[in-house]
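Sequence positions, counted from 1, serve as the residue numbers for this chain.
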Amino acid sequence: MNFAVYVPPQAEAGLVPVLYYLAGLTCNEKNFVEKGGAQRYAAEHGLMLVAPDTSPRGIDIPGADNDWDFGSGAGFYVNATEQPWAKHYQMYDYVVDELPTLVRGEFEISDRAGIFGHSMGGHGALICGLKNPDKYASISAFAPIAAPAQCDWGKKAFAGYLGANQSAWAAYDATELVKQAKGTVGPILIDQGEGDQFLADGQLLPEVFAAACQESGQALQLRRQPGYDHSYYFISTFMGDHIRHHADALCS
């Protein structure tokens, strides 16, 4: 597994918080650092950025490269239970446990962490944050797959990685998880472009997640941005707001 790290200048003077970014379908660890425009804001607020890849690579699973929305580049941040994926596709454990342990072993960091992401990575950030309020003090997302058990992308991934029993899917569905969280995590920020083709296709379903947040008492700021699509132009435009959202929680 490869991952990218940005170390802010404040790290020379002391421990800094860490902000993890999870990328979307077909991406790797480079997309965010090359296109997101986050480094200038991380430098301003003194946040280390860590961006992992979206799936294992180079393990030669038959069929792993057949589809852009399943297999390579599409780990969906779950712990797969179905063969042949179960041996290597343990992306949830990698993000929540293995990667932070490795980062702490290589860098001098504080015990404060936040998590955010885009699309499939927004889904990953929501589930990791909701399932681990003790590990992540802040959560945000750009155009997340917010109710994966109810959209085609999520159904395909969950069936392939987790099997046909849909009761197992709820553990990785942000809409189902937020109903159980009962407002135990801090305010969540989501930006969604209104010109996003995947919003129109019913893949993202932010309104379903928003309704679950209202039902459970989870604080959510869902901002709909007219004219913006699903691209990194959209992400980079609102990156400063997201970094400030995390800095308010991590640097106070």
* Verify, without hydrogens or angle tests, whether Arg112 (side chain) and Ala249 (backbone) share a donor-acceptor contact under 3.5 angstrom. => yes
* Asked: If you look at every heavy atom in Ser72 and Asp65, which pair is closest and at what distance?
  -> OG-OD1, 2.7 Å
* To do: Would you mind telling me which of Val50, Leu126, Ile115 makes a side chain to side chain contact (heavy atoms under 4.5 Å, CB included) with Leu22?
  => Ile115
* Do Thr54 side-chain atoms and Cys27 backbone N/O form a donor-acceptor pair below 3.5 Å? -> yes
* Structure fact -> Separation between CZ (Arg244) and CE (Met239), nearest 0.5 Å, reads 11.5 Å
* To do: Decide whether Ser140 and His246 meet the rule of one side-chain donor and one side-chain acceptor closer than 3.5 Å.
  => yes
* To do: Working to the nearest 0.5 Å, report the span between CZ of Arg223 and CG of Asp241.
  => 4.5 Å
* Give a yes or no on whether Gln197 atom CD has more than 12 heavy-atom contacts from other residues, nucleotides or ligands under 6.0 Å away. => yes
* Asked: So if you build clusters from Ile, Leu, Val, Met, Phe, Trp, Tyr with side-chain heavy-atom gaps below 4.5 Å, do Leu222 and Phe234 land together?
  -> no
* Joint cluster assignment, Ile109 & Val5, ILVMFWY side-chain distance < 4.5 Å -> yes
* With distance as the sole test, does Tyr161 use its side chain to make a donor-acceptor pair with the main-chain N or O of Gly71 at under 3.5 Å? -> yes
* Structure fact -> Students should find that the hydrophobic cluster of Tyr233, defined by side-chain heavy atoms under 4.5 Å apart, otherwise consists of none
* Test: Lys135 and Asp97 ion pair at under 4.0 Å -> yes
* Asked: What closest approach, in Å, do Val185 and Pro133 show between heavy atoms, and which atom pair accounts for it?
  -> CG1-CB, 3.7 Å
* May I ask you to test the Cys151-Leu204 pair for a side-chain heavy-atom distance under 4.5 Å? => no
* Asked: More than 12 heavy atoms of other residues, nucleotides or ligands under 6.0 Å from CD of Glu108: is that the case?
  -> no
* Asked: Would you find a donor on one side and an acceptor on the other, under 3.5 Å apart, between the side chain of Ser216 and the backbone of Lys179?
  -> no
* Which heavy-atom pair separates Gly117 from Ala125 by the least distance, and what is that distance? -> N-CB, 3.8 Å
* Does any N or O in the side chain of Asn31 come within less than 3.5 Å of the main-chain N or O of Asn28, such that one atom is a donor and the other an acceptor? -> yes
* To do: Go through the steps for Phe32 and Tyr232 under the test ring pair (Phe, Tyr, Trp, His ring centres under 6.0 Å), then give the verdict.
  => CA-CA 8 Å; Phe32 168 69; Tyr232 266 89; 7.4 Å; no
* Asked: If we only count heavy atoms from C-beta on, is the Met48 to Leu19 side-chain gap below 4.5 Å?
  -> no
* Structure fact -> Taken to the nearest 0.5 Å, the spacing of Trp85 CH2 from Thr81 OG1 works out to 13.0 Å
* To do: Would you check, one step at a time, whether the test ring pair (Phe, Tyr, Trp, His ring centres under 6.0 Å) holds for Tyr77 with Tyr92?
  => CA-CA 5 Å; Tyr77 304 103; Tyr92 174 80; 9.7 Å; no
* Tyr136 with Phe142, same ILVMFWY side-chain cluster at under 4.5 Å -> no
* Structure fact -> Heavy-atom closest pair (Ala43 atom, Pro8 atom, distance to 0.1 Å) is CA-CB, 4.3 Å
* To do: Report yes or no: do Ile139 and Tyr21 belong to one cluster of Ile/Leu/Val/Met/Phe/Trp/Tyr joined by side chain heavy-atom distances under 4.5 Å?
  => no
* Under 3.5 Å donor-acceptor, Gln218 side chain and Gly186 backbone -> yes
* Modelled atom types, side-chain donor and acceptor of Gln192 and Asp196, under 3.5 Å -> yes
* If every non-hydrogen atom of Ala146 is compared with every non-hydrogen atom of Pro206, which pair is closest and at what distance? -> CB-CA, 4.2 Å
* To do: Using the side chain to side chain donor-acceptor pair (under 3.5 Å) rule, pick out the option among His242, Arg224, His118 that qualifies with Asp191.
  => His242
* Met1 vs Met91, side-chain contact (heavy atoms from CB on, under 4.5 Å): CA-CA, chis, key distance, verdict -> CA-CA 10 Å; Met1 295 294 294; Met91 286 299 296; 4.0 Å; yes
* **Same apolar cluster (I L V M F W Y, side chains within < 4.5 Å links), Tyr94/Leu130** => yes
* Check whether any side-chain heavy atom of Tyr89 sits under 4.5 Å from a side-chain heavy atom of Asn79, and report yes or no. => no
* Measure the spacing between CZ of Arg40 and NE2 of His45 and express it to the nearest 0.5 Å. => 10.0 Å
* Ala42 versus Ile243, closest heavy-atom pair with distance -> N-CG2, 4.1 Å
* To do: Go through His230 and Ser119 one step at a time and tell me if the side-chain contact (heavy atoms from CB on, under 4.5 Å) criterion holds.
  => CA-CA 8 Å; His230 202 70; Ser119 194; 2.9 Å; yes
* Going by the angle between their ring planes, with limits at 30° and 60°, are Phe158 and Phe76 parallel, tilted or perpendicular? -> perpendicular
* **Evaluation steps, ring pair (Phe, Tyr, Trp, His ring centres under 6.0 Å), between Tyr20 and Phe116** => CA-CA 6 Å; Tyr20 293 91; Phe116 70 147; over 10 Å; no
* To do: Ignoring hydrogens and angles, tell me if any N or O in the side chain of Trp169 forms a donor-acceptor pair with the backbone of Gly163 under 3.5 Å.
  => yes
* Take Gln221 and Ile188, measure what side-chain contact (heavy atoms from CB on, under 4.5 Å) needs, and give me the verdict at the end. => CA-CA 6 Å; Gln221 185 180 16; Ile188 298 172; over 6 Å; no
* To do: Compare all side-chain heavy atoms of Val33 with those of Leu49 and state whether any distance is below 4.5 angstrom.
  => no
* Derivation of the side-chain contact (heavy atoms from CB on, under 4.5 Å) call for Asp173 and Ile127 -> CA-CA 7 Å; Asp173 187 305; Ile127 64 168; 6.0 Å; no
* Any salt bridge between Lys30 and Asp53, counting N to O under 4.0 Å? -> no
* Spell out, as yes or no, whether a donor-acceptor pair under 3.5 Å connects the side chain of Gln203 to the backbone of Leu199. => no
* CD (Glu194) with more than 12 external heavy atoms under 6.0 Å -> yes
* **Minimum side-chain heavy-atom gap Gln150-Val208 below 4.5 Å** => yes
* Where do Phe198 and Trp153 land on the ring pair (Phe, Tyr, Trp, His ring centres under 6.0 Å) test, with the steps shown first? -> CA-CA 10 Å; Phe198 301 118; Trp153 279 347; 4.8 Å; yes
* Heavy-atom check, side chain of Leu47 versus side chain of Val16, under 4.5 Å -> no
* So, the side chain of Asp67 versus the backbone of Asp69: is there a donor-acceptor pair under 3.5 Å, distance only? -> no
